[in-house]
Amino acid sequence: MIKKAVFPAAGLGTRFLPLTKSSPKEMLPLVDKPLIHYCVEEAVLSGIENIIIITGMGKTAIEDYFDISLELERNLIKRGKKKLAKEMRKISDLAEIFYVRQKETLGLGHAILCARSFVGQEAFAVILADDIIDAKIPVMRQMIQIYNRMKAPVLAVERVPREKVSSYGIIKGEKVSDGVYLIKDVVEKPPASRAPSNLGIIGRYILTPEIFDILDNTRPGKMGEIQLTDAIRVLLNERSIYAYEITGERYDCGDKAGFIKANLAFSLKRGDISREVKEFIRKLNIQ
Ligand code: G1P
């Protein structure tokens, strides 16, 4: 069983500057909850019990969010908002969360390496909080089912349009069953002309602890960063790794347009505001 999840959250969020100059990208709101809240919920609904968030400079808002705020709760109760106060407490009860700081932003691979002693000798999940996936069965739960069947690392993938291929890790795979591919190769952000397919890795992984020794020896790659994709490529020489085409609607909230789309889609599903939002969209009279 997969009981631990690593949430890398130390990145600079350069695509969202200037906002990310002083607030973490993981705290961007999707209607009224931060992105990372949805991902922690997904993890918990998938059976994850312990979470480690890899934080860094300027990320304390994440820790505050999952902590208890007695002052806020007292204030809400004083104003007769007991239900809301209870809801606030539920956030800190969601999961057991640990934190470790990545002292330098040396890349996703290095961030995962910071979780080494937390993970120990078990297979573990990795969740990137800027990928929000709306799915009937939480995507990490879907992936754990594949892991249990294949007993091997699993990367979530989806088909991406040609113009977006260079924004993702891209796999070359051989289909083994519905939605499951045996990975033959993986490349970090290739130009579309040299990409082995259009199956892009999205922010959900199930990895095994062998990855840590490899990460430890991985040199900086694309963007001068220690890339998780490069380490996975080395791991391919040692064992089978699978890609799983997820079932669900994914929003790349690390991308401005993706973030806006997610907010529109989620607000249209919210009883309290959907009517007003729909009315507004209609009035925009978009051609
Ligand atoms: C990272 C990975 C990339 C993956 C992507 C998914 O890139 O390096 O392989 O496709 O996450 O969101 P980033 O988005 O951090 O640039």
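Atoms within each ligand, like the ligands themselves, are counted from 1 in listed order.
Listed by chain and number, R15, L108, L128, D131, Y168, G169, E188, K189, I201, I202, G203, Y205, Q227, T229 each place a non-hydrogen atom less than 4.0 angstrom from ligand 1.
Within a 6.0 Å radius of CZ in R194, no more than 12 heavy atoms belonging to other residues, nucleotides or ligands are found.
Taking the centre and axis of the six-membered ring of F259, the NZ or CZ atom of K256 falls outside the cone set by 45° and 6.0 Å.
Using a 4.5 Å heavy-atom cutoff, the side chains of E26 and L35 are not in contact. Using a 4.5 Å cut-off on side-chain heavy atoms (C-beta onward), C39 and I132 make contact.
For the pair D252 and K164, the salt-bridge criterion is not met [side-chain N within less than 4.0 Å of a carboxylate O].
Without hydrogens or angle criteria, S267 side chain to L264 main chain gives a donor-acceptor distance under 3.5 Å.
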